[in-house]
Amino acid sequence: MARTRTVFVCQQCGNQQPRWLGRCPDCGTWDSFVEQTMRKGTAAQPQATPAATAQPITAVAAAGFARLPVEGEEFTRVLGGGLVPGSLVLIGGDPGIGKTTLLTQVGARFAARVGPVLYVSAEESVQQLRLRAERLGLLHERFFVLGETNLELIINAIGELQPALVIVDSIQTVYLEELASAAGSVSQVREGALRLLQVAKRSNTPILLVGHVTKEGVLAGPRVLEHIVDVVLYLEGERFHQYRILRGVKNRFGSTDEVGVFEMTQAGMREVSNPSQVFLAERSAGTPGSAVAVTMEGTRPLLVEIQALTAHTQNPQPRRTANGFDPNRLTMLIAVLSKRVGLPLFNQDIYVNVVGGLRISEPAADLAVATAIVSSFRNQRIDPHLVLVGEIGLSGELRSTSQLERRLSEAAKLGFRRAIYPHSAGEPRIGGELQLERARALDGAIRRALIDQAQAA
Ligand code: TYD
Ligand code: MG
């Protein structure tokens with residue numbers, strides 16, 4: 001029978017310890033342990049499927065997954081082609097990033113196209129949900145809303161309505177009565193998700209779960225759920241920029257390489273099908289400090305403007321600020337520029353900004369960032385028709401990057417005329433008018449990228 005014991009559970013990753021710790025040994029989060037009483041024996045286990053027999057892999061039917069269509073190319077692509085019946089999909093993201101807005105849109109359009117949808121709103125009232133849907137022009141009579149936080153009652157409602165899609169917003173605000181801990185705690189979130197997984201598998205209904213990412217560890221983070229659910233998508237972006245990226249982190253039915261790009265507008269989340277054009281739309285091509293990088297978001301090349309500003313300072317510890325770029329990487333690039341290119345940057349504040357609120361996490365943007373810094377420092381413009389691709393090594397050498405052909409083809413498609421990239425990458429075949437220029441080292445690339453005569457800085 002049920003026994004009670006006390007454990008301390010990390011609210012970020014679910015690590016359990018017999019006593020309180022200041023820092024989680026597993027995920028490194030500080031002050032994230034919360035005492036919980038666990039009732040043994042109540043844990044919901046996924047139902048055992050009928051005994052299976054072993055068979056040669058060649059005898060297994062090669063059919064793909066049946067998929068339900070969802071509206072919108074971006075969302076569909078990230079899912080890997082549509083919603084798989086019976087799948088449990090987690091949509092994580094910071095509060096206020098647009099999860100409810102996106103899922104209201106997805107839900108209402110699914111209702112119009114496929115069948116009844118149940119939107120369980122455990123956070124906002126159904127009136128709020130209606131107001132939003134009305135404002136976005138998404139009212140539909142097959143779009144059902146339920147304001148409920150008790151998971152048993154939610155599951156009953158799913159059984160009664162038998163919808164074609166269920167959305168639970170959010171997993172951290174629903175609770176199971178049988179568990180002692182509060183809604184949002186690790187055990188509630190985990191047990192709740194397991195219970196919904198059962199419902200999804202048994203009824204063959206896809207369920208979308210909203211999960212807030214929390215920094216303070218007050219609520220259990222989506223990391224607790226990642227191994228339970230079939231698909232994990234994160235909605236990312238800077239809250240005060242309009243662009244959002246939906247990124248696949250785990251997908252049992254497709255590739256995790258895909259991203260969808262959205263724009264948060266007055267009329268909800270709008271799909272952006274030509275992101276490069278959008279990110280370059282307000283480019284300050286005429287001013288020093290602006291460079292164009294080609295970054296890969298999954299399998300999709302994306303051209304983005306990188307801006308840099310250097311400003312003289314008396315401060316012995318000059319500022320280095322990066323927006324959308326790894327600050328440690330920036331520090332390294334500045335060191336390489338000082339040592340290998342001979343730029344006296346020790347008395348310069350340096351700011352780097354990736355335009356549009358995008359976050360670049362790959363080193364292929366190094367060359368554009370470094371060149372933008374030099375451009376600002378020397379007050380010389382970079383050729384506005386040029387894209388820069390390449391990782392920079394510690395000795396100032398350019399190192400080749402993955403998927404160069406894709407990147408350069410995208411640049412050619414958008415009308416760029418020159419590309420500087422690492423010598424070691426060979427000579428990819430690119431259509432269009434793009435002039436390909438290989439460079440072995442940073443200083444050579446910089447010399448060719450800047451178009452104005454050198455001026456006294
Ligand atoms: P929301 O979807 O409620 O975020 P989440 O569910 O992830 O917490 O989005 C909230 C923000 O989105 C809020 O700051 C207002 C903004 N927003 C728009 O800019 N346009 C819109 O059409 C809507 C519905 C919201
Ligand atoms: Mg919300």
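Remember, it's 1-based here, ligands and their atoms both numbered in the order they're listed. Side-chain atoms are counted along with the backbone in the values below, which use heavy atoms only and exclude waters and symmetry mates.
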Sub-2.8 Å protein N, O or S atoms surrounding the Mg ion (ligand 2):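 Per the 2.8 Å query on the Mg ion (ligand 2), atoms found are Thr100 OG1.
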Pairs of nitrogen or oxygen atoms closer than 3.5 Å, one from [X] and one from ligand 1: do any exist?
X	answer
His212	no
Gly268	yes
Pro95	no

For ligand 1, which atoms have a heavy atom of [X] less than 4.0 angstrom away?
X	result
Gly98	1 (P), 2 (O), 4 (O), 5 (P), 7 (O), 9 (O)
Thr265	18 (C), 19 (O), 20 (N), 21 (C), 22 (O)
Thr101	1 (P), 2 (O), 9 (O), 23 (C), 24 (C), 25 (C)

Just do the salt bridge (charged side-chain N to carboxylate O under 4.0 Å, His left out) check on Arg195 and Glu178 with the steps written out, would you? CA-CA 12 Å; Arg195 199 66 65 84; Glu178 70 208 42; 2.7 Å; yes
Side chain to side chain contact (heavy atoms under 4.5 Å, CB included) with Ile167: which of Ile207, Val145, Val117?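 With Ile167 as partner, side chain to side chain contact (heavy atoms under 4.5 Å, CB included) holds for just one option, Val117.
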Residue among Val78, Val259, Val261 satisfying side chain to side chain contact (heavy atoms under 4.5 Å, CB included) with Leu246: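 Answer after filtering Val78, Val259, Val261: Val78.
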Any protein heavy atom under 4.0 Å from atom 24 (C) of ligand 1?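 Given the 4.0 Å cut-off, atom 24 (C) of ligand 1 counts as touching protein heavy atoms.
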Less than 4.0 Å from atom 21 (C) of ligand 1, is there any heavy atom belonging to the protein? yes
How does [X] reach ligand 1, by side chain, by backbone, by both or by neither, if only non-hydrogen atoms under 4.0 Å count?
X	value
Arg132	side chain
Met264	side chain
Leu136	side chain

Between Arg247 and Glu236, is there a side-chain N and carboxylate O pair less than 4.0 Å apart?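 Yes.
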From [X] [atom1] over to [Y] [atom2], what is the distance, rounded to the nearest 0.5 angstrom?
X	Y	atom1	atom2	result
Ile171	Leu208	CD1	CG	12.5 Å
Leu233	Lys250	CG	NZ	11.5 Å
Gln188	Thr173	CD	OG1	11.0 Å

Can Ser276 and Glu410 be counted as having a side-chain donor-acceptor contact under 3.5 angstrom? yes
Side chains of His212 and Glu123: is there a donor and an acceptor less than 3.5 Å apart?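 Result is yes, a qualifying pair exists.
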Verdict with supporting geometry, Glu271 and Arg109, salt bridge (charged side-chain N to carboxylate O under 4.0 Å, His left out): CA-CA 14 Å; Glu271 304 210 322; Arg109 292 183 185 142; over 6 Å; no
Show your reasoning for whether side chain to side chain contact (heavy atoms under 4.5 Å, CB included) applies to Ile451 and Gln380. CA-CA 7 Å; Ile451 52 173; Gln380 289 176 267; over 6 Å; no
Is the backbone N or O of Ala182 less than 3.5 Å from a side-chain atom of Ser185, with the two atoms forming a donor-acceptor pair by type?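 Yes; judged by distance alone, with no hydrogens or angles, the pair exists.
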If you take the nearest heavy atom of each of Gly96, Ser170, Ala267, which one is closest to atom 10 (C) of ligand 1?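 Closest candidate by heavy-atom distance is Gly96.
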